[in-house]
Amino acid sequence: MKYIKAWLAVVGLLAAFILIAPAPAQAVPYCGITWGSLAKTAGSASNATVANVRAGQHACFDRLVVDLKGQANGYTVEYVTEVVRPGSGVAVPVRGAADLKITVKAPAYTSSGAASYTPANRNELVNTAGYATFRQVALAGSFEGTTTLALGVRARLPFTAFVLNGPGNTSRIIIDVAHRW
């Protein structure tokens, strides 16, 4: 009788562990980032002009900011095999294992044809030394009302893109690239 009670106790405990077993743990997204790495596009062409390109480092991502004079309407950001200069098709090599092509639907010149953005070095728009994700930012060119940037990143990582309006009659196109998946 003792063996039957002991056996029933063991079977009961096993059944309890099986029925009440915890669910398998699911991976938590890195810093809550759920962006993905597919192309992001929004808006259409605008009368705004590119005024500056800058970058910053954050705890979970690196940020590229394209400043515009006027209200920005659109952009396309996508991973490509290589970024090419608009109009000529010449490749724009950038450091890093993956290339992000950023097309701002606004020119880097005014309606009279004068440059609205003239970087000191079109191959090094931003000093990316010490960045976790960014390796190089280059100006591919501005052609037919759009401006193309090449962003070399460490790997094909999740990113997001969006527009911020203001202050005043300015706007910014923001591209955030996660440090990891």
Side-chain angles (χ1 to χ4, degrees), residues 33-58 61-96 98-128 131 133-178:
I33 292 172
T34 58
W35 302 328
S37 62
L38 297 178
K40 278 61 168 184
T41 188
S44 59
S46 73
N47 291 329
T49 58
V50 175
N52 193 24
V53 176
R54 55 196 169 92
Q57 300 177 65
H58 295 266
F61 57 87
D62 289 345
R63 172 170 283 180
L64 186 71
V65 179
V66 181
D67 293 314
L68 295 117
K69 294 177 189 168
Q71 297 304 307
N73 286 333
Y75 58 83
T76 299
V77 183
E78 61 188 329
Y79 281 105
V80 294
T81 306
E82 69 179 358
V83 178
V84 297
R85 295 197 188 287
S88 72
V90 174
V92 180
V94 287
R95 294 182 298 279
D99 295 357
L100 264 176
K101 176 183 174 186
I102 300 162
T103 304
V104 178
K105 296 177 183 176
Y109 50 84
T110 65
S111 58
S112 64
S116 63
Y117 175 57
T118 52
N121 181 350
R122 68 183 296 139
N123 293 318
E124 298 287 342
L125 300 182
V126 176
N127 179 1
T128 57
Y131 279 65
T133 300
F134 292 173
R135 296 296 180 256
Q136 183 179 358
V137 185
L139 175 63
S142 192
F143 183 70
E144 294 184 346
T146 64
T147 301
T148 304
L149 304 173
L151 175 58
V153 295
R154 179 177 54 79
R156 186 178 172 129
L157 295 163
F159 70 92
T160 190
F162 54 95
V163 175
L164 288 176
N165 290 316
N169 190 33
T170 65
S171 55
R172 295 158 282 163
I173 295 178
I174 311 293
I175 299 96
D176 292 339
V177 182

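By convention here, the first residue in the shown sequence is residue 1.
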| Is a side-chain donor or acceptor of R95 paired with a backbone partner of R154 at a separation under 3.5 angstrom? | no
Of all heavy-atom pairs linking V53 and V126, the shortest is O-CG2, 3.9 Å
Under 4.5 Å between any side-chain heavy atoms of V104 and L68, yes or no? yes
Only residue of W35, Y75, F134, Y79 satisfying ring pair (Phe, Tyr, Trp, His ring centres under 6.0 Å) with F159 is Y79
When every non-hydrogen atom of R172 is compared with those of N165, the smallest separation belongs to NH2-O, 3.9 Å
d(R63 CZ, T133 OG1) to nearest 0.5 Å is 13.0 Å
In short, salt bridge (Lys or Arg N to Asp or Glu O under 4.0 Å) pairs touching residues 67-80 with sequence neighbours left out are R54-D67
Tightest non-hydrogen contact, residues L157 and S37, listed as O-CB, 3.8 Å
On a heavy-atom basis, the closest approach of P93 and A91 is CD-O, 3.4 Å
Sorted by chain and residue number, the salt bridge (Lys or Arg N to Asp or Glu O under 4.0 Å) partners of R85 (sequence neighbours excluded) come out as none
*Would a distance-only check, ignoring hydrogens and angles, find a side-chain to backbone donor-acceptor pair under 3.5 Å from Q136 to N123?*
yes
Value for CG (L64) from CD1 (I175), rounded to nearest 0.5 Å, stands at 5.0 Å
Quick check against the 3.5 Å criterion: does Y131 have a side-chain atom that pairs as donor or acceptor with the backbone of D62? no
Is the backbone of A140 close enough, under 3.5 Å, to the side chain of R122 for a donor and an acceptor to pair up by distance? yes
Side-chain contact, heavy-atom cut-off 4.5 Å: T147 with L139?
yes
query: If only atom types and distance count, is the side chain of Y109 paired as donor or acceptor with the main-chain N or O of Y117 below 3.5 Å?
result: no
**Request:** In sequence, state the C-alpha distance, the side-chain angles, and the governing distance for R135 and V94, and then conclude on side chain to side chain contact (heavy atoms under 4.5 Å, CB included).
**Result:** CA-CA 8 Å; R135 296 296 180 256; V94 287; over 6 Å; no
- Item | Side-chain donor/acceptor of S116 to backbone N/O of A108, under 3.5 Å | yes
Heavy-atom closest pair (P167 atom, T170 atom, distance to 0.1 Å) is O-OG1, 2.6 Å
Using atom types as modelled, flag every donor-acceptor pair under 3.5 Å from a side chain in residues 42-51 to any protein atom, sequence neighbours excluded.
from	atom 1	to	atom 2	distance (Å)
S46	OG	A48	N	3.2

Q | Polar side-chain atom of T148 near backbone of S142 as donor-acceptor pair, under 3.5 Å | A | no
Value for CG (L125) from CG (L151), rounded to nearest 0.5 Å, stands at 10.0 Å
K105 versus T41: any side-chain heavy-atom pair under 4.5 Å? yes
